[in-house]
Each structure stands twice: as C-alpha cells, then as structure tokens.
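For reference, the structure discussed in these notes is given below.
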Amino acid sequence: MTDDALQPDPSLIGGVPKPPLAFLPEPVKLFQARARRFAFLAEGHDLAAYLTFLAELSRLQARLAATLPALAPLPPEWMAKAADGGMPPIDRSRLVDDPALAATLQALLVGAAELDMPEAGREALDAVRMSDTRDRQWLLGNVLADDIPADAIAPHLFVAAAVQVHLSRLAATLDAAALTPVAAGVCPACGGRPATSSVTGAQGIENVRYASCGGCATRWNEVRVKCLCCGSTKGISYRSVGTDEATVKAELCSECKSWVKILYQVRNASLDPVADDVGSLGLDMLMRDADFTRGSFNPFIVGY
Ligand SMILES: [Zn+2]
Ligand SMILES: [Zn+2]
C-alpha cells in the first residue's frame with residue numbers, strides 16, 4: 001500500500017485527528033506497488049536478481065488478487081469469538097485446510113512456473129507443485145504460524161506468497177472500524193507479526209507509526225517508541241547503516257533482546273514495508289554481529 005492510501009480519521013479529538021487503529025489492505029494495489037518498489041530497488045543492487053524475482057512474484061500476487069474468485073466473508077462465529085475474546089477476527093489456525101487457500105496456492109504455483117528463477121528455486125517450486133495435500137498443509141501450517149524452518153526456506157517462499165494473497169484478500173473483507181487492539185506487535189486483523197513498522201508522512205497523520213503485518217498487510221497503529229516483540233517502551237535504541245537520516249533503521253529492545261526495522265516513509269513515501277525490508281539487507285548484516293534476534297516476520301528474508 002502506498003502512503004496515499006492512508007487517510008486520516010475524520011473524527012477530531014481536541015482539534016487533532018485521532019489516528020485510526022488500522023488500515024486494511026487493498027490487495028491489488030498493494031502487490032502492484034510492491035512489485036514496482038522491488039523492481040526499483042533491484043537497479044544496481046547486490047541482490048538485483050533476487051529483487052527482480054520478487055518483483056515478478058509480487059506482480060503475480062497482484063494478478064491473482066485481481067482474478068481469483070471473490071472470497072466469502074468470514075463465518076459469523078469467527079467474528080463473534082473475536083469480539084468476545086479480544087482475538088483477531090481472522091483465525092489463522094482454521095485456514096490450514098481452507099479450500100479457498102488451497103486453490104490460491106495452486107494458482108500461485110502454476111503462475112510461478114512462468115517466472116525466471118535460479119535452479120534451486122525451480123527445484124523447490126517443482127517439489128511443492130508435486131506435493132500432496134498433507135505436505136501442502138504442513139507448509140501452510142508453518143507459514144500461518146509465522147514459523148518457517150530455516151532449512152526449508154525456498155519451498156515456504158512460494159507458499160508464503162500464496163498465504164499473503166489469501167490473508168490480504170480476507171482482511172480486505174473486514175470492517176476496519178470493528179477491529180480492536182490485540183497486543184503490542186500483533187496484527188488486529190489476523191494475529192500475525194509485523195514485517196516492519198513505518199513512520200508515515202500521510203497528511204493528517206504525519207509522524208504516526210504503523211506496523212505492517214507480514215501476512216495480511218493490515219497496518220496498525222503503535223506508539224513511536226515501543227518494542228514490537230515484548231511491548232516494552234524502556235530500553236529502546238536505534239541503529240542504522242550510515243547516517244541518522246537513514247530511511248530504514250533497526251529498533252532494538254534491551255528488555256527482550258530483539259529488533260525490528262522501522263521505515264521512515266515521512267522521508268520517502270515510496271518505502272514498502274516488505275520490499276524495503278529485503279532491500280535493506282545490509283542492516284541485517286550489521287545486526288548479525290549484535291546480540292539481538294530479528295523479531296519480525298518476512299518470508300522473503302528468513303534465515304538472516
Ligand atoms: Zn495480519
Ligand atoms: Zn522487547
């Protein structure tokens with residue numbers, strides 16, 4: 001989603017617009033913008049081939065989001081359970097054997113076969129294409145749990161791309177105004193972890209921070225200085241490659257020893273919560289030497 005899509009809540013409190021809790025994704029626009037951003041970042045980048053592949057994959061996600069049959073709204077009992085229990089309305093644990101998600105995965109696997117990719121990627125794709133229902137549900141279960149085994153990243157990448165399409169389309173059926181906060185660093189739509197957070201430059205909510213779900217791409221409001229892993233507002237510090245004016249920084253928490261990237265869209269509106277996470281892998285290299293764990297979820301850079 002571009003920053004243009006963020007519109008302030010018209011309700012005013014003391015003359016200042018109250019930042020909305022959440023912005024739901026517009027899947028087609030989201031993946032189209034992400035594809036453009038990956039393609040832009042690829043130019044002259046050390047990871048140009050990979051970023052170009054991810055641009056193509058994002059383009060495929062946009063095409064699927066535009067052409068797959070419309071999803072049925074969430075079952076009313078999921079919504080009721082969420083409202084009662086302070087849970088997100090999308091219950092990921094119920095999606096492992098969802099026929100619509102299985103169909104989305106199948107469509108993505110067919111479309112991905114047309115993409116250019118290195119031999120290892122091709123082999124992983126072929127393995128998933130030939131896998132049976134049980135194996136696919138194991139892969140889907142890992143992705144839906146935001147827990148991708150480090151020794152099987154390539155097959156999960158394709159499955160995660162399908163899950164992103166499905167979750168973002170499901171999230172788009174929700175009512176943003178009906179969402180309630182779940183916990184610090186937890187997506188109020190699907191319960192997922194953030195890929196990154198962004199300090200927005202959108203008019204009316206300048207300098208407000210939104211975390212971006214690595215699964216459904218819903219963006220939700222978080223205070224500016226807070227650990228998105230444990231919720232601590234103490235012991236937070238920032239690191240970046242280069243200057244203080246960097247548009248991507250690592251937010252470190254000394255309480256739980258984890259870190260998540262924070263993007264300054266207020267300085268560059270075209271930053272994408274997922275693409276710029278991959279594009280700023282130099283920051284991950286810097287953090288590799290630190291005694292902190294990467295606390296975010298982005299299936300395109302698992303293993304760093
Ligand atoms: Zn989510
Ligand atoms: Zn923490």
Side-chain angles (χ1 to χ4, degrees), residues 1 5 20-27 30-31 34 61 65 71 74 78-79 82 86-96 98 101 104 140 143-148 160-176 178-198 209-239 249-262 272-274 277 287 290-300:
M1 188 195 294
L21 168 66
F23 294 99
L24 297 171
E26 295 177 75
L30 165 82
F31 293 118
R34 183 165 298 163
Q61 289 177 299
L71 293 176
L74 288 184
W78 291 22
M79 306 294 286
M87 300 286 285
I90 297 173
D91 182 347
R92 287 184 176 210
S93 66
R94 296 186 190 228
L95 294 177
V96 172
D98 185 307
L101 175 53
T104 298
L140 287 166
V143 172
L144 288 164
D146 283 353
D147 186 13
I148 294 176
V163 169
Q164 285 179 340
V165 171
H166 187 72
L167 283 178
S168 64
R169 297 176 80 226
L170 262 188
T173 69
L174 301 175
D175 173 9
L179 296 177
T180 52
V182 175
V186 176
C187 174
C190 80
R193 278 193 281 151
T196 55
S197 72
S198 303
R209 182 199 203 188
Y210 283 86
S212 302
C213 180
C216 79
T218 291
R219 306 177 77 167
W220 71 94
N221 185 219
E222 296 277 7
V223 299
R224 275 289 292 273
V225 180
K226 182 167 76 172
C227 174
L228 297 183
C229 298
C230 75
S232 174
T233 53
K234 291 184 300 181
I236 306 293
S237 60
Y238 297 87
R239 275 187 211 172
K249 294 185 181 181
E251 184 178 62
L252 286 67
C253 171
S254 62
E255 297 286 313
C256 73
K257 293 281 181 187
S258 57
W259 69 280
V260 176
K261 282 179 195 166
I262 181 165
D272 177 88
V274 168
D277 190 16
M287 291 303 299
D291 183 25
F292 287 80
T293 305
R294 189 179 154 92
S296 53
F297 181 76
N298 183 343
F300 302 145

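Counting convention: from 1, in listed order, for ligands and their atoms alike. For clarity, every value in this text was computed on a predicted model and none was experimentally measured.
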Any protein N, O or S atom under 2.8 Å from the Zn ion (ligand 2)? Found Cys227 SG, Cys230 SG, Cys253 SG, Cys256 SG

Task: Any Leu170 side-chain heavy atom under 4.5 Å of Leu74 side chain - done: yes

Looking at Gly185 and Pro194, what are the two nearest heavy atoms and their distance?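 Answer, listing the atom of Gly185 first, then Pro194: O-CD, 3.2 Å.
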
Residues Ala189 and Thr218: closest non-hydrogen pair is CB-OG1, 3.6 Å

For Glu251 and Arg209, what are the C-alpha separation, side-chain angles and deciding distance, and is it a salt bridge (Lys or Arg N to Asp or Glu O under 4.0 Å)?
-> CA-CA 13 Å; Glu251 184 178 62; Arg209 182 199 203 188; 2.5 Å; yes

- Query: Think Arg294 forms a cation-pi with Trp259, using NZ or CZ under 6.0 Å from the six-ring centre and within 45 degrees of its axis?
  - Reply: yes

_When you measure from the side chain of Lys226 to the backbone of Ser232, do you find a donor-acceptor pair of N or O atoms at a distance under 3.5 Å?_
no

Vertex the Zn ion (ligand 1), ends Cys187/SG and Cys190/SG: angle to nearest 10° comes to 120°

